[in-house]
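This report refers to the structure that appears directly beneath it.
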Amino acid sequence: MTDLTQLGEFGFIGKVDRLLTAKSASVHKGIGDDCAVYEERGGKRYVASTDALIETVHFKLTTTTPEQLGMKCISVNVSDVAAMGAVPQSALISLGIPKTISYAFLKRFYRGINRACSAYGIQLAGGDTVSSPKHLFINITIFGEGKARRIFYRSGARPGDAILTTGFLGDSALGLKILSSPRRAWKLSKADRRYLTERHLNPRARSLEAQKLANSSLRVTSMIDISDGLIQDLKHLDAASGTGSIIDSAQLPLSPAFKRVCAANKLNLWELALSGGEDYELLFTLNPLDVKKITKLFDKTHSGAVPIGEITALPGKLLLKDLEGRPQSVKNLMGYQHF
Ligand code: ADP
Ligand code: MG
C-alpha cells in the first residue's frame, strides 16, 4: 500500500490515464472530468459516471437509515452529471452484500433509491448482485445527456471569470463531525442537529440548477461539483483550465445553523467550509458580465448561487482573502479563527 499512499488518489488516476492508450472515437472526453462525455449525435452529447460507496469508508450503518443511504448513492452520482450541465436519465447498480445484511434492510434501501430516482427523473435500469466477505459495497453508474454546446467541462475557466458556488458550504462536514462524535457534549438545538446531519446523510444534487444554467444563455465557462471540498475541487478546476484562483472568505455562503454551531462549539469554520467535502454543491465559473443575471435565473425553488472569487492567470496558485481582505495562503486561513 505504501507506494499507493505516496501516489495518492489523484496521482494514481494520473498514472492510470497515461497507461490507458487504447482509444475509441466515440469518447469525446475520457478520464479527467466529472463524467465521461461521448461523441456528438444530433446536437447532443451523452455522459456517464460511476461512484462507489463502501461501508466503514463512506458510511456507517449505525448513523444512516437504509432509505438515506439509498438516496445518497443516487444523489452523489446525479451530482457528477449535474456538474457537466447534463440531465440524468438512468443508472445501473452493483451490490456486494455481506451476510449481515437482511432483505428488510435492502427493501428500505431500494425505497430510498426509488425516492431519489423519482425526484431526479431517472430510472434504475439494472445492475449486479454478488456477495461480499465483510462490508456492504455499492457502486452506481449513471447516464445522462446534454446539449452538445452546453456541456460544461472543468477546463474552460479563463482569467477574470467570476467563481460561483450554489447552496451552503461546510454543512455536510459539520454534520459528519456531529455524527462521528456522539459522546461529545454538543451545544446545538435539535433543529440544527437535524439540518446538519441531514445535509451529510441525504445531500441533494443540484440537478435543477445545472439544467437551468445549461438552458440559459449565461456564459458559463467551466463547472465541477464539490465532493472533495472547495479547495481540492477548485484545484482540479484550475489544473484542468491552466489557471489560478483567488477566493474571498467573506463571500463564502455559510448556513445560519453552520455558523451558530461552529461558534457555540469553538470549531474552526474555515477548515470545515474550505476542505470538509461532500457538499455536492456546484462550483462554476462565469463571464463577470453575467454574474448579476444569476439571481434572476434561480428562483425560490433553487438553492441560489453566489460569487466567491475570481479566476487568475497564475497557474495552480490558490489564494484566499481573509475577512480583512488580505490575501493569505490556504494554510494560514485554515488556522484563522474568527467566529
Ligand atoms: P469525482 O470526484 O467527480 O467523482 P474522481 O476524482 O473520482 O471524480 O475522478 C476523476 C477522474 O478520474 C474521472 O474522470 C474518473 O472517471 C477518473 N477515474 C477515477 N478513478 C479511476 C480509475 N480507477 N480508473 C480510471 N479512471 C478513473
Ligand atoms: Mg465530481
Side-chain angles (χ1 to χ4, degrees), residues 9-53 73-96 113 116-117 120-130 137-158 205-217 219-225 227-228 233 236-242 280 282-285:
E9 180 188 346
F10 302 111
F12 167 71
I13 295 171
K15 294 258 186 219
V16 165
D17 193 14
R18 285 189 285 279
L19 279 171
L20 295 170
T21 53
K23 301 289 172 204
S24 159
S26 74
V27 178
H28 173 70
K29 171 78 194 171
I31 293 173
D33 218 302
D34 293 293
C35 285
V37 182
Y38 295 89
E39 66 180 325
E40 188 175 332
R41 278 195 198 156
K44 297 207 155 160
R45 281 197 195 281
Y46 292 87
V47 303
S49 180
T50 193
D51 255 305
L53 284 97
C73 292
I74 295 294
S75 292
V76 303
N77 279 275
V78 168
S79 182
D80 276 322
V81 171
M84 308 305 293
V87 184
Q89 293 178 316
S90 68
L92 300 172
I93 187 167
S94 288
L95 286 180
I113 293 245
C117 284
Y120 296 117
I122 67 177
Q123 180 175 342
L124 194 93
D128 193 25
T129 307
V130 294
F137 172 91
I138 306 158
N139 184 71
I140 289 179
T141 301
I142 191 162
F143 305 94
E145 68 163 45
K147 283 191 211 114
R149 291 198 297 170
R150 295 301 277 171
I151 293 287
F152 307 129
Y153 298 89
R154 294 178 178 181
S155 54
R158 294 296 170 259
R206 300 303 181 193
S207 190
L208 285 181
E209 289 77 0
Q211 289 173 48
K212 271 265 175 183
L213 286 172
N215 291 331
S216 77
S217 56
R219 286 161 287 181
V220 176
T221 50
S222 70
M223 189 145 75
I224 187 170
D225 67 324
S227 52
D228 299 330
D233 287 310
H236 289 321
L237 193 142
D238 273 328
S241 297
Y280 298 109
L282 294 173
L283 180 69
F284 59 100
T285 57

Report task. State, to 0.1 Å, how close D225 and S79 come at their nearest heavy-atom pair, and which atoms those are. Result -> OD2-OG, 2.7 Å
Report task. Using a 4.5 Å cut-off on heavy atoms from C-beta on, say whether the side chain of M223 contacts that of L213. Result -> yes
Report summary line: Scanning both residues in full, the closest heavy-atom pair of A83 with I224 reads CB-C, 3.8 Å
Requested in this report: Given side chain to side chain contact (heavy atoms under 4.5 Å, CB included), test S216 with R150 step by step and report yes or no.
Outcome: CA-CA 9 Å; S216 77; R150 295 301 277 171; 3.6 Å; yes
**Report entry** CZ/R219: more than 12 non-hydrogen atoms of other groups inside 6.0 Å
**Finding:** yes
Requested in this report: With the side chain counted from C-beta on, respond yes when Y120 and N77 share a heavy-atom pair under 4.5 Å apart, and no when they do not.
Outcome: no
Query raised in the report: Looking only at heavy atoms, which two atoms of P88 and Q211 are closest? And how far apart?
Result: CD-NE2, 3.8 Å
Report task. Working to the nearest 0.5 Å, report the span between OH of Y38 and OG of S24. Result -> 8.5 Å
Query - Over all atoms of both residues, closest heavy-atom pair of K29 and D33 - result: CE-CB, 4.1 Å
Query - CD1-CD1 distance between I93 and I142, expressed to the nearest 0.5 angstrom - result: 11.5 Å
**Report entry** Spacing of NZ belonging to K44 relative to NZ belonging to K147, to within rounding of 0.5 Å
**Finding:** 8.5 Å
**Report entry** Stepwise side chain to side chain contact (heavy atoms under 4.5 Å, CB included) check, L92 with F143
**Finding:** CA-CA 9 Å; L92 300 172; F143 305 94; 3.9 Å; yes
Requested in this report: Heavy atoms only: give me the nearest L124-I74 pair and the separation to one decimal.
Outcome: CD1-CD1, 4.4 Å
**Report entry** Approximate separation, where rounding is to 0.5 Å, of I138 CD1 and I113 CD1
**Finding:** 7.0 Å
Query raised in the report: Roughly how far apart are D233 CG and S227 OG, rounded to 0.5 Å?
Result: 4.5 Å
**Report entry** With L20 via side chain to side chain contact (heavy atoms under 4.5 Å, CB included) - residues at least two apart
**Finding:** V16, I31
Report summary line: Closest non-hydrogen contact found for G85 with F152 is CA-CD1, 3.9 Å
Report task. Answer yes or no: does atom CD of E39 have more than 12 heavy-atom neighbours from other residues, nucleotides or ligands under 6.0 Å? Result -> yes
Query - Side-chain heavy atoms of C35 within contact of V81, under 4.5 Å - result: yes
**Report entry** Student check: side-chain heavy atoms of R154 and H236 closer than 4.5 Å
**Finding:** yes
**Report entry** CZ-CD distance between R45 and E40, expressed to the nearest 0.5 angstrom
**Finding:** 5.0 Å
Query raised in the report: Which residues pass the side-chain hydrogen bond (donor to acceptor under 3.5 Å, both in side chains) test with T221, sequence neighbours left out?
Result: D161, T285
**Report entry** Distance-only side-chain donor-acceptor flag, Y153 / S241, under 3.5 Å
**Finding:** no
**Report entry** N139-T50 side chain donor-acceptor pair, cut-off 3.5 Å
**Finding:** yes
